[in-house]
Amino acid sequence: MRAVFLLSLLGLVSLNTVLAQSTPPASSPAAAPANSAPANSVPTILTPTIVNRYPHDRAAFTEGFQYLGDGTYMESTGLVGESGVRRVDLKTGKVLGRVATPLSTAFGEGVTVVGGVAYHLTWQDGLAFAFDAGTLKEVGRYRYGGEGWGLTTNGKDLIMSNGTPKLVWRDPKTFAAKRSVTVTDGGQPVRNINELEYAGGSVYANIWLTDRIARIDPQTGKVTAWIDVSALTREASASAAKLGKPLTFDDIPNGIAYIPERGTLLLTGKRWGTIFEVKVPGLGTTNGRAQPRR
């Protein structure tokens, strides 16, 4: 996600090759209940079914993405000078409110809303910002060690990725680390865990520079399934090319948001012109309807 700063194009090709070679073979197209896979089983490969498409800002270098439960979503964007947090109407793509990342030199990262507060990470500054989720006025700042990548919530804790195979649970009031798990697939650590979403008792994670989303057991860290989103990437790429604005190598899938009342996921990517609402085997509705997170 931050390839313009870290890697040459040749290095990216090599990384993609390694990642592709490590992708486990599909054991079955059928769904398996989240967290139910035996310890040594090969994770299922799932194919999402598109049920709706919505407009998405083609200039948005998406880092964080969360449905708010009232027809709107919260999104954070990256790149120095372009980073910020915005609240957006899903159907129209209209921006209802926005705020720039308060540190102008920061590369903005993930965002999530819990308890009426939107928490927003920065990549290498070790600084998280807290905003009132309704007004987007800053209400706090927190320090943390290491990098900041993705952020989600289980409704109680913050769950954070940092580019390593670890997910860290944090206290929203203090941002203190409470526990962590190492994400593994077949006993091997999964690196480059990016944007996160907690849904149906699992953590879903984009893996940087790939067309795969990992479904992770939050207790053990084991990957219980992979979601193949390559068809979505191809459609987004074709659409951009038709407009004369082809996607670049780092305009990858990034952005997962759960709509609990419909049991669907909203998926998008950096500078994609579309948000895809998809059905994923094994993921259903939660509590019948969503509660606004403002």
Peer 1: Run the ring-ring contact (aromatic ring centres under 6.0 Å, His included) test against F276 and tell me which residues pass, sequence neighbours left out.
Peer 2: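 Checked F276 against ring-ring contact (aromatic ring centres under 6.0 Å, His included); zero matches.
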
Peer 1: Could you tell me the separation between the CG atom of D228 and the CG atom of L46, rounded to the nearest 0.5 Å?
Peer 2: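 If we round to the nearest 0.5 Å, D228:CG and L46:CG are 9.5 Å apart.
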
Peer 1: Atom CD in E109, atom CG in L127: separation rounded to 0.5 Å?
Peer 2: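 Here the rounded value is 13.0 Å.
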
Peer 1: Go through the steps to decide whether D57 and R86 satisfy the test salt bridge (Lys or Arg N to Asp or Glu O under 4.0 Å), and finish with yes or no.
Peer 2: CA-CA 11 Å; D57 181 3; R86 60 181 73 177; 2.9 Å; yes

Peer 1: Is it the case that T112 and Q66 place a side-chain donor and acceptor less than 3.5 Å from each other?
Peer 2: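 Yes.
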
Peer 1: Who pairs with N162 by side-chain contact (heavy atoms from CB on, under 4.5 Å), at least two apart in sequence or on another chain?
Peer 2: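 Counting only residues at least two positions away or on another chain, N162 forms a side-chain contact (heavy atoms from CB on, under 4.5 Å) with T164.
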
Peer 1: Charged N to carboxylate O below 4.0 Å: is that the case for D185 and K222?
Peer 2: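 No, no charged N to carboxylate O under 4.0 Å.
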
Peer 1: Taking atom types as modelled, find out whether R215 and T224 have a side-chain donor-acceptor pair closer than 3.5 angstrom.
Peer 2: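 Judged by distance alone, the side chains do pair up.
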
Peer 1: Side chains of S76 and E63 only: does a donor on one sit below 3.5 Å from an acceptor on the other?
Peer 2: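 S76 vs E63: no donor-acceptor pair found between side chains.
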
Peer 1: By the ring-ring contact (aromatic ring centres under 6.0 Å, His included) test, which pairs, at least two apart or in different chains, include something from residues 158-181?
Peer 2: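 As it turns out, the ring-ring contact (aromatic ring centres under 6.0 Å, His included) pairs with a partner in residues 158-181, which skip direct neighbours, are Y142-F175, Y144-F175.
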
Peer 1: Does a donor on one side chain and an acceptor on the other come within less than 3.5 Å for S239 and R58?
Peer 2: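 Per modelled atom types, S239 and R58 side chains form a pair under 3.5 Å.
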
Peer 1: Under the rule for side chain to side chain donor-acceptor pair (under 3.5 Å), what residues qualify as partners of S180, not counting sequence neighbours?
Peer 2: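 By the side chain to side chain donor-acceptor pair (under 3.5 Å) rule, S180 matches no residue at all.
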
Peer 1: Starting from the C-alpha separation in whole Å, work towards a yes-or-no answer on side chain to side chain donor-acceptor pair (under 3.5 Å) for H56 and E75.
Peer 2: CA-CA 11 Å; H56 182 245; E75 180 178 32; 2.7 Å; yes

Peer 1: So how far is it from F61 CZ to E82 CD, rounded to the nearest 0.5 Å?
Peer 2: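 Answer for the CZ-CD pair, F61 versus E82, is 9.0 Å.
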
Peer 1: I'd like to know whether NZ of K178 has more than 12 heavy-atom contacts from other residues, nucleotides or ligands below 6.0 angstrom.
Peer 2: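 More than 12 within 6.0 Å, yes.
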
Peer 1: If you measure only the distance, is there a donor-acceptor pair under 3.5 Å linking the side chains of E147 and W123?
Peer 2: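 Yes, W123 and E147 have a side-chain donor paired with an acceptor closer than 3.5 Å.
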
Peer 1: With sequence neighbours excluded, what pairs up with D89 under the side chain to side chain donor-acceptor pair (under 3.5 Å) test?
Peer 2: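 Expected list: T92.
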
Peer 1: Can the ring centroids of Y119 and F129 be said to lie less than 6.0 angstrom from one another?
Peer 2: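 Aromatic pair excluded; centres sit 6.0 Å or further apart.
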
Peer 1: Hey, what do you get for CG (L265) to CD1 (I227), rounding to the nearest 0.5 Å?
Peer 2: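 Between L265 CG and I227 CD1, I get 6.0 Å after rounding to 0.5 Å.
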
Peer 1: What residues, two or more places apart in sequence or in another chain, satisfy ring-ring contact (aromatic ring centres under 6.0 Å, His included) together with Y54?
Peer 2: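 ring-ring contact (aromatic ring centres under 6.0 Å, His included) list for Y54, sorted by chain: empty.
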
